[in-house]
Amino acid sequence: MSAFIQYTVQGLAAGGFYALAALGLAVIFGALGVVNFAHGACYMLGAVTAAVLLDVTGMNFWLALIVVPVLMFGFGVLIERFLVRWLLGLDILYNFLLTFGIALVLVDVVKRMYGVSGLPYEQPAGLEGQVQLGPATLPKYQVFVFVFALAVCVVVWLVLSRTRVGMIVRAATEDAERTRALGINVGRWVTPVFGFGIALAGLSGVLAAPFRAITADMGGNFIIILFAIVVIGGLGSIFGAVVAGFVVGLVEAYGQAYAGPLASVAIFILMAIIILVRPAGLFGRADSV
């Protein structure tokens, strides 16, 4: 039981990274119809930025949780303004290729500037060591990541569901054409929505910095898992992306603990089963397939 609880917390912590980043990816895809292959690179850039700010300015983890997403929001706005928006009216493949190219550029720039061996990042003050939860002894940082990621997802959901701006963004994400038909100018929300999605990817990168190796290639496998999460949750479904993020984190942890050689493909087996049973995903609409 102690080991099971430990694997569960480990899975929920990993699910926190996935849920935050997948939430941003789902919002971007829903509102813009852009398959943002650069999302994993932005996750990596968030972790690298946190490490660089710590080394150059001494900025601690707690401040980085605020500053880095703001910087990544600005970076996302620039990408959308100068690159993405010019291809929005074209086939979805063009923006996929564009964001794939952006990802390659970001990875190469980070490799040239900081090498391939990785950047160090210390454990945040107050989150070192272990905490006793019932029969299990768990790393404090993993518990924090789960609680923090869940809190951010809840706050984002409340903003999207309880405020006028949030309802417009959610409507544009769930059904952009119908939202336009109601007289709402979806175009004016494109830039901030894209920036918001990139900011969430950067935030998940900051959370990963003390927990995972900070390298230029850390976003490679991450983006593949994110696409699997979005498909499992349902294309364009914000709630589905969050739920699927935590589910995939648990599947990954249990797979590594109990499935042995199948651990690396457990997520994709789950995705295949869900697609066979429900092609639109857990919370997707049938007309989005």
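Nothing fancy with the numbering, it's 1 onward along the sequence. As the structure is a computational prediction, the values presented were derived from the model and not from experiment. Computed over heavy atoms, backbone and side chain alike; hydrogens, waters and symmetry mates excluded.
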**Q** If two hydrophobic side chains count as joined below 4.5 Å and joins carry through other members, does V147 share a cluster with V145?
**A**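 Yes; tracing contacts between hydrophobic side chains, which count when under 4.5 Å, links both residues.
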**Q** Got a second to check how far Q6's CD is from Q142's CD, nearest 0.5 Å?
**A**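 Spacing of CD (Q6) from CD (Q142) equals 7.5 Å.
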**Q** What distance do I229 atom CD1 and L282 atom CG have between them, rounded to the nearest 0.5 Å?
**A**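 One gets 12.0 Å once the value is rounded to the nearest 0.5 Å.
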**Q** Counting only heavy atoms not in F227, do more than 12 sit closer than 6.0 Å to its CZ atom?
**A**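 For F227, atom CZ is crowded (more than 12 foreign heavy atoms under 6.0 Å).
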**Q** For L12 and L250, what are the C-alpha separation, side-chain angles and deciding distance, and is it a side-chain contact (heavy atoms from CB on, under 4.5 Å)?
**A** CA-CA 6 Å; L12 291 174; L250 289 172; 3.9 Å; yes
**Q** Is there side-chain contact between V52 and Y114, with at least one heavy-atom pair below 4.5 Å?
**A**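 V52 vs Y114: side chains touch.
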**Q** If every non-hydrogen atom of A38 is compared with every non-hydrogen atom of I102, which pair is closest and at what distance?
**A**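 Result for this residue pair: CB-CG2, 4.1 Å.
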**Q** Where is the tightest heavy-atom contact between F29 and I92, given as atom of each residue plus distance?
**A**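 Closest approach of F29 to I92, heavy atoms only: CE1-CD1, 3.9 Å.
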**Q** First locate atom CG of L25, then atom CG of L20, and finally report the distance between them rounded to the nearest 0.5 Å.
**A**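 Spacing of CG (L25) from CG (L20) equals 12.5 Å.
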**Q** Are V84 and F194 side-chain neighbours, meaning at least one heavy-atom pair lies under 4.5 Å?
**A**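 When only atoms from C-beta onward are counted, F194 and V84 do touch, with a gap below 4.5 Å.
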**Q** Return the minimal non-hydrogen interatomic distance between T215 and G118, and the atom names on each side.
**A**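 Distance-wise, the nearest heavy atoms are CG2-CA, 3.8 Å.
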**Q** Any chance the side chains of Y254 and T8 put a donor and an acceptor closer than 3.5 Å?
**A**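 Checked: Y254/T8 side chains pair up, N/O donor to acceptor below 3.5 Å.
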**Q** To the nearest 0.5 angstrom, please state how far the CZ atom of F222 sits from the OG atom of S204.
**A**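 Atom-to-atom, F222:CZ and S204:OG are 4.5 Å apart.
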**Q** For D55, what residues pass the salt bridge (charged side-chain N to carboxylate O under 4.0 Å, His left out) criterion, not counting sequence neighbours?
**A**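 So D55 forms no salt bridge (charged side-chain N to carboxylate O under 4.0 Å, His left out) with any residue.
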**Q** Return the minimal non-hydrogen interatomic distance between A201 and C42, and the atom names on each side.
**A**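 Closest heavy-atom pair between A201 and C42: CB-CB, 4.1 Å.
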**Q** If we only count heavy atoms from C-beta on, is the V159 to V156 side-chain gap below 4.5 Å?
**A**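 They are not in contact (no side-chain heavy atoms under 4.5 Å apart), so the answer is no.
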**Q** Locate the shortest heavy-atom distance separating G195 from F73; write the atom from each residue and the value.
**A**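 For G195 and F73, the tightest heavy-atom pair comes out as C-CD1, 3.2 Å.
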**Q** Can you name the residues that form a salt bridge (charged side-chain N to carboxylate O under 4.0 Å, His left out) with K111, not counting sequence neighbours?
**A**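 If we apply the salt bridge (charged side-chain N to carboxylate O under 4.0 Å, His left out) test to K111, skipping adjacent residues, the hits are D217.
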**Q** Looking at every heavy atom in both G219 and M44, which two are closest together, and how far apart are they?
**A**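 Nearest pair, atom of G219 first, then M44: N-CB, 4.2 Å.
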**Q** In terms of hydrophobic clusters joined by side-chain contacts under 4.5 Å, are V155 and W157 together?
**A**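 Unlinked, V155 and W157 end up in two clusters.
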**Q** In sequence, state the C-alpha distance, the side-chain angles, and the governing distance for W62 and F144, and then conclude on ring-ring contact (aromatic ring centres under 6.0 Å, His included).
**A** CA-CA 12 Å; W62 304 106; F144 163 76; 5.4 Å; yes
**Q** Starting from the C-alpha separation in whole Å, work towards a yes-or-no answer on ring-ring contact (aromatic ring centres under 6.0 Å, His included) for F211 and Y121.
**A** CA-CA 9 Å; F211 185 61; Y121 201 88; over 10 Å; no
**Q** List for me each residue that meets side chain to side chain donor-acceptor pair (under 3.5 Å) alongside E80, sequence neighbours excluded, and say none if there are none.
**A**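 For E80 the side chain to side chain donor-acceptor pair (under 3.5 Å) partners, ignoring immediate neighbours, are R85, T191.
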**Q** Going hydrophobic residue to hydrophobic residue with side-chain gaps under 4.5 angstrom, can you get from V48 over to L63?
**A**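 Shared cluster, yes.
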**Q** So, does T99 use its side chain to make a donor-acceptor pair with the main chain of N36 at under 3.5 Å?
**A**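 Judged by distance alone, no pair lies under 3.5 Å.
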**Q** Answer yes or no: is there a side-chain heavy-atom contact under 4.5 Å between Y43 and I223?
**A**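 No. Closest side-chain heavy atoms not under 4.5 Å.
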**Q** side-chain contact (heavy atoms from CB on, under 4.5 Å), that's the test. Do I198 and V77 meet it? Break it down for me.
**A** CA-CA 9 Å; I198 298 300; V77 167; over 6 Å; no
**Q** Taking the side chain as every heavy atom from C-beta outward, state whether F268 and I224 have any atom pair closer than 4.5 Å.
**A**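 F268 reaches I224 side chain to side chain.
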**Q** How many angstroms lie between CG in D108 and CG in L104, if you round to the nearest 0.5 Å?
**A**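 Interatomic distance, D108 CG to L104 CG, rounded to 0.5 Å: 8.5 Å.
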**Q** Counting distance only, does the side-chain N/O of H39 pair as donor-acceptor with the main-chain N or O of A21 below 3.5 Å?
**A**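 Yes, H39 side chain to A21 backbone: donor-acceptor pair under 3.5 Å.
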**Q** Side chain of E252, backbone of I267: donor and acceptor closer than 3.5 Å?
**A**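 Checked: no pair found.
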**Q** Is there side-chain contact between E122 and P210, with heavy atoms separated by less than 4.5 Å?
**A**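 Answer no - side chains too far apart.
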**Q** Please tell me whether F75 and M113 are part of a single hydrophobic cluster in this structure, the criterion being side-chain heavy atoms less than 4.5 Å apart.
**A**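 Same cluster.
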**Q** Backbone N or O of L207 within a donor-acceptor pair of the Y141 side chain at under 3.5 Å?
**A**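 Yes, because the side chain of Y141 sits within donor-acceptor range (under 3.5 Å) of the backbone of L207.
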**Q** Can you tell me how far the CG atom of L119 sits from the OG1 atom of T49, to the nearest 0.5 Å?
**A**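 Answer rounded to 0.5 Å: 10.0 Å.
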**Q** With a 4.5 Å heavy-atom cut-off, do W86 and Y94 have their side chains touching?
**A**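 W86 does not reach Y94 side chain to side chain.
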**Q** Do you reckon V231 sits in the same ILVMFWY cluster as L93, going by side-chain contacts under 4.5 Å, direct or chained?
**A**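 Yes; L93 is reachable from V231 via cluster members.
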